[in-house]
Amino acid sequence: MLALPAAEPDRVMPKIATWNVNSLKVRLPQVLDWLAREQPDVLALQETKLQDADFPAADIEAAGYHVAYAGQKTYNGVAVLSREPGSARVTDLPGLDDPQRRVLGLSVGALRVLDLYVPNGQEVGSEKYAYKLGWLATLADYVAAQLAEHPQLVVLGDFNIAPDDRDVHDPEAWRDKILCSEAERAALRRLLDLGLSDTFRLFEQEPKSFSWWDYRGMGFRRNLGLRIDLILASAPLAARCRTCRVDKAPRKLERPSDHAPVVAEFAD
DNA sequence: ATGGTGGCGCGGCCA
């Protein structure tokens, strides 16, 4: 029997996805179905809402994925599933002493993955809004350092920021509201200006493409959404990006997450 | 300004 050739060390994973599942306990069957159908090389999850002792690692491993996670009870929680094993796991932003589990950095092959659940901010001017902006400022310093260290960096997750008016179903209604305020958008632009591309905007997209729809008021059926789930890629990685799309199918299921997965594919 | 829905967990917080 011939041995399979070893994976080339500089090969970048071709299919990378992000999905805010709003409770992995509830959504695990949907996640397992989606993995089987889409077979991503990396899937970053947010809002797992599970402490690590309760994380369903065995089910995910049985589906053929390695998994790293950083969770807490009830709120937040992030995980990265990968075909290849991950290493060099990081769960905190340097300089931010924060019990909230919102960050998971992981190396998968030559790729560096940074999975984020950016704070929501609740309302412009609130304490949580100040926390969000401070968190994003700390993140920018960390991303700058990560870019210097890892040429092939993907920063993905629920950013809780709609980058511009194209990403908002009703820009006038949302003007200066949470997820759309100028300060939040400026914080996101600062990240992009470090050398990241919003892969979704590398390609022509249908107008009114969103990744999140409020559960209330039949938001999904009326397409009253925002695009707040992003896959940002460093320049060498963005140069190889071939597609980025929102997969609305899981949002149509019974008992869905309020977010849909976003998927980017890369040439080898 | 509030409430609409959903998850967690069993009252109220968070999104």
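Reckoned from all heavy atoms, side chains included, excluding hydrogens, waters and symmetry mates. Residue numbers begin at 1 in each chain, while the letters A, B, ... track the order of the sequences.
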Student: Give a yes or no on whether A:Glu123 atom CD has more than 12 heavy-atom contacts from other residues, nucleotides or ligands under 6.0 Å away.
Tutor: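 12 or below, so no.
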Student: Which whole number of Å gives the distance between the C1' atom of B:dG9 and that of B:dC14?
Tutor: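 Going atom to atom, C1' in each nucleotide, I get 13 Å.
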Student: Drop me the distance from A:Glu47's CD to A:Asp258's CG, to the nearest 0.5 angstrom.
Tutor: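 Going from the CD atom of A:Glu47 to the CG atom of A:Asp258 covers 7.0 Å.
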Student: Is A:Phe220 touching bases, backbone alone, or none of the nucleic acid, heavy atoms closer than 4.0 Å?
Tutor: nothing
Student: With a 4.0 Å heavy-atom cut-off, tell me which residues in residues 118-140 of chain A come close to DNA chain B, sorted by residue number.
Tutor: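 Listed by number, they are A:Asn120, A:Lys128.
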Student: Looking only at atom types and distance, does a side-chain atom of A:Arg251 sit under 3.5 Å from a main-chain N or O of A:Trp213, one as donor and one as acceptor?
Tutor: yes
Student: What is the distance, to the nearest angstrom, from the CG atom on A:Asn76 to the P atom on B:dC13?
Tutor: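 A:Asn76 atom CG is separated from B:dC13 atom P by 17 Å.
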Student: Calculate the interatomic distance between A:Asn20 atom CG and B:dC14 atom C1'; express it in whole Å.
Tutor: 12 Å
Student: How does protein contact run along nucleotides 2-11 of chain B, one letter per nucleotide 5' to 3', with B for base contact, S for sugar-phosphate only, - for none, heavy atoms under 4.0 Å?
Tutor: --BBSSSS--
Student: Does any non-hydrogen side-chain atom of A:Glu184 lie less than 4.5 Å from one of A:Lys132?
Tutor: yes
Student: Go through A:Val103 and A:Thr91 one step at a time and tell me if the side-chain contact (heavy atoms from CB on, under 4.5 Å) criterion holds.
Tutor: CA-CA 5 Å; A:Val103 173; A:Thr91 60; 5.9 Å; no
Student: Can you tell me how far CG of A:Leu224 sits from CG of A:Asp214, rounded to the nearest 0.5 angstrom?
Tutor: 9.0 Å
Student: Provide the distance between the two P atoms, one in B:dT2 and one in B:dG6, to the nearest whole Å.
Tutor: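 Going atom to atom, P in each nucleotide, I get 22 Å.
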Student: When the P atoms of B:dG3 and B:dG12 are considered, how many whole Å apart are they?
Tutor: 15 Å
Student: Short question: side chain of A:Gln30, backbone of A:Arg255 - any donor-acceptor pair under 3.5 Å?
Tutor: yes
Student: Please, which pairs that meet ring-ring contact (aromatic ring centres under 6.0 Å, His included) have at least one residue in residues 32-71 of chain A, sequence neighbours excluded?
Tutor: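 Sorted result for residues 32-71 of chain A: A:Trp19-A:Trp34, A:Phe55-A:Tyr69.
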